Number of protein chains: 2
Amino acid sequence: MKAQDHHLQVPGMRMTKQRKEVYRTLMENQDHPSASEIHNLMKDTESPMSLATVYNCLEALVEHGAVKQVNIDREPTRYCQNSTPHAHFHDQSTGTIHDITFKPGASLTDLIELPKGTEVTNLEISIKGTIPS
Amino acid sequence: MKAQDHHLQVPGMRMTKQRKEVYRTLMENQDHPSASEIHNLMKDTESPMSLATVYNCLEALVEHGAVKQVNIDREPTRYCQNSTPHAHFHDQSTGTIHDITFKPGASLTDLIELPKGTEVTNLEISIKGTIPS
DNA sequence: CAATAAACTTAGAATAATTCTAAATTAATA
DNA sequence: TATTAATTTAGAATTATTCTAAGTTTATTG
């Protein structure tokens, strides 16, 4: 999926005007904004919307796998347009979050062993530290 | 470190009565309780304490690596007495959190590649799903 | 197409985890 | 002992998020 492809169709999800705009905003701001940052970004556009709606839209997008939540400690939840498997590196000196894609062929089961029959619905890997600039 | 070893000494941290009791409570309740659950557990003991103090103590213990935070979505932060490297499996059908130790020899770098000079201060791996009972 | 139902949006109120404040206490240091 | 620094505390404040109830839009059904 290209960054320009805002005409996302998600199976099972009604792509309303608001959801489309929230998704577009996230596509155009790949620095993992929070819900209220997204809300602010949309304030001066032609499609401002309620903060509750931003939350609702993000929830729907997350539920359908188009968007990922980023949970860093007790900071406000941030959102990630990158729906492919990846880890998040939280640079403590800048506060920025970097996406780190998995090595080709790498799998969670390289690290840990899960009982037979385990269903994994979500995997979140967050690394905190510093990256040389 | 054994589960019975409550006389923890953490370099650089003053082990106050309250911190010791919070740590002991966590040792005796390994189901990843939240701050207010810990506070409740201590309510009827001989050393009840302010919720703010529970937060303060946990913060100090986390900061010194004796305790780990478990961040699952927007649920209240839970705390883990297991200070060795491990992942957390959040069973969605029961709400329980299981510690999953890494395979021997396994390393984060099996999964991802970090730029030279990167300093990792914390790694958090949370898996959501279901485990057969 | 008209009528009905379901899903969505919205503003504002409510919730609840966490942090802050300022005063009191305790422990460390000189 | 006197002084300083760190910790504890109760309660207030903060704030991200969820809830509510009403209005709107979209889908569905006859």
Side-chain angles (χ1 to χ4, degrees), chain A residues 7-26 32-43 45-64 66-80 90 95 97, chain B residues 7-26 32-43 45-64 66-80 90 95 97:
Chain A
H7 301 285
L8 177 74
Q9 289 287 25
V10 178
M13 187 180 73
R14 207 150 95 188
M15 183 51 83
T16 64
K17 177 174 174 294
Q18 286 86 349
R19 289 172 182 173
K20 206 180 299 184
E21 290 305 316
V22 167
Y23 186 71
R24 181 205 301 279
T25 305
L26 201 50
H32 307 85
S34 66
S36 73
E37 283 168 345
I38 293 171
H39 180 242
N40 281 335
L41 284 164
M42 304 177 82
K43 213 138 214 171
T45 68
E46 54 197 272
S47 56
M49 72 186 63
S50 157
L51 177 58
T53 301
V54 174
Y55 271 103
N56 290 343
C57 292
L58 288 168
E59 185 184 36
L61 289 162
V62 167
E63 205 159 275
H64 290 87
V67 159
K68 273 184 177 294
Q69 281 181 319
V70 187
N71 299 300
I72 303 280
D73 294 340
R74 289 301 99 192
E75 295 179 18
T77 302
R78 299 167 72 160
Y79 295 87
C80 179
H90 182 235
I97 292 177
Chain B
H7 301 284
L8 177 73
Q9 288 286 25
V10 179
M13 187 179 73
R14 206 148 96 187
M15 183 51 84
T16 64
K17 176 173 175 292
Q18 287 87 350
R19 287 173 183 171
K20 205 181 298 184
E21 290 306 316
V22 166
Y23 186 71
R24 180 203 303 279
T25 305
L26 200 52
H32 306 88
S34 66
S36 72
E37 284 168 346
I38 293 171
H39 180 241
N40 282 335
L41 285 164
M42 304 177 83
K43 212 139 215 170
T45 69
E46 54 197 274
S47 57
M49 71 184 64
S50 158
L51 177 57
T53 302
V54 174
Y55 271 103
N56 290 344
C57 291
L58 288 168
E59 186 185 36
L61 288 162
V62 166
E63 206 159 273
H64 291 86
V67 159
K68 271 183 179 294
Q69 279 182 319
V70 188
N71 300 299
I72 304 279
D73 294 342
R74 287 303 100 191
E75 295 179 19
T77 301
R78 298 166 73 160
Y79 295 86
C80 179
H90 182 235
I97 292 177

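Treat the numbers as computed from the prediction; the structure is a model and nothing was measured. Below, read A as the first sequence line, B as the second, and so on, with proteins coming before strands; counting in each chain starts at 1. Side chains included, hydrogens not; waters and symmetry mates left out as well; all remaining heavy atoms used.
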Of the non-hydrogen atoms in B:H90 and B:I72, which two are nearest, and what is the gap between them?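 Answer, listing the atom of B:H90 first, then B:I72: ND1-CG2, 3.7 Å.
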Minimum heavy-atom separation for B:S47 to B:K17, with atom names?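 Reported closest heavy-atom pair: CB-NZ, 3.9 Å.
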Could you list the residues that satisfy side-chain hydrogen bond (donor to acceptor under 3.5 Å, both in side chains) with [X], not counting sequence neighbours?
X	answer
A:T77	B:R74
B:H32	B:D99
B:N40	none

Under the rule for side-chain contact (heavy atoms from CB on, under 4.5 Å), what residues qualify as partners of [X], not counting sequence neighbours?
X	result
B:L41	B:T25, B:N29
A:A52	A:S50
A:E37	A:P33, A:S34
A:E63	A:E59

Rounded to whole Å, please give me the gap between [atom1] in [X] and [atom2] in [N].
X	N	atom1	atom2	value
B:L58	C:dA17	CG	P	15 Å
B:R78	C:dA17	CZ	C1'	14 Å
B:N71	C:dT18	CG	C1'	13 Å
B:E37	C:dT18	CD	C1'	15 Å
B:K20	C:dA27	NZ	P	11 Å

Overall bend - the helix from C:dC1-D:dG30 to C:dA30-D:dT1, comparing terminal axes fitted on five pairs, nearest 10 degrees: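 If I round to tens, the end axes sit 30° apart.
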How would you label the contact of B:T77 with the nucleic acid (heavy atoms, under 4.0 Å): base, sugar-phosphate, or nothing?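 Sugar-phosphate, backbone atoms only, no base.
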Counting any heavy atom closer than 4.0 Å, what does B:S34 reach on the DNA or RNA strands: base, sugar-phosphate only, or nothing?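 The answer is nothing, as B:S34 stays clear of every strand by at least 4.0 Å.
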Taking N or O atoms only and anything under 3.5 Å, show me the protein contacts with nucleotides 6-11 of chain C, one pair per line.
unit_1 : atom_1 : unit_2 : atom_2 : d
C:dC8  : OP1    : A:R19  : NH1    : 3.0
C:dC8  : OP1    : A:R19  : NH2    : 3.4
C:dT9  : OP1    : A:T16  : OG1    : 2.6
C:dT9  : OP1    : A:Q18  : OE1    : 3.1
C:dT9  : O3'    : A:Q18  : NE2    : 3.2
C:dT10 : OP2    : A:T53  : OG1    : 2.4

Using side-chain heavy atoms (C-beta onward) and a distance below 4.5 Å, is B:Q18 in contact with B:N56?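 SC-SC contact between B:Q18 and B:N56 ruled out.
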Within the 4.5 Å heavy-atom criterion, are A:H39 and A:T53 side-chain neighbours or not?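 A side-chain contact under 4.5 Å is absent here.
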Does anyone know the first and last nucleotide of DNA chain D in reach of chain A, 5' to 3', at under 4.0 angstrom to a heavy atom?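 The contacted stretch runs from D:dA16 to D:dA27.
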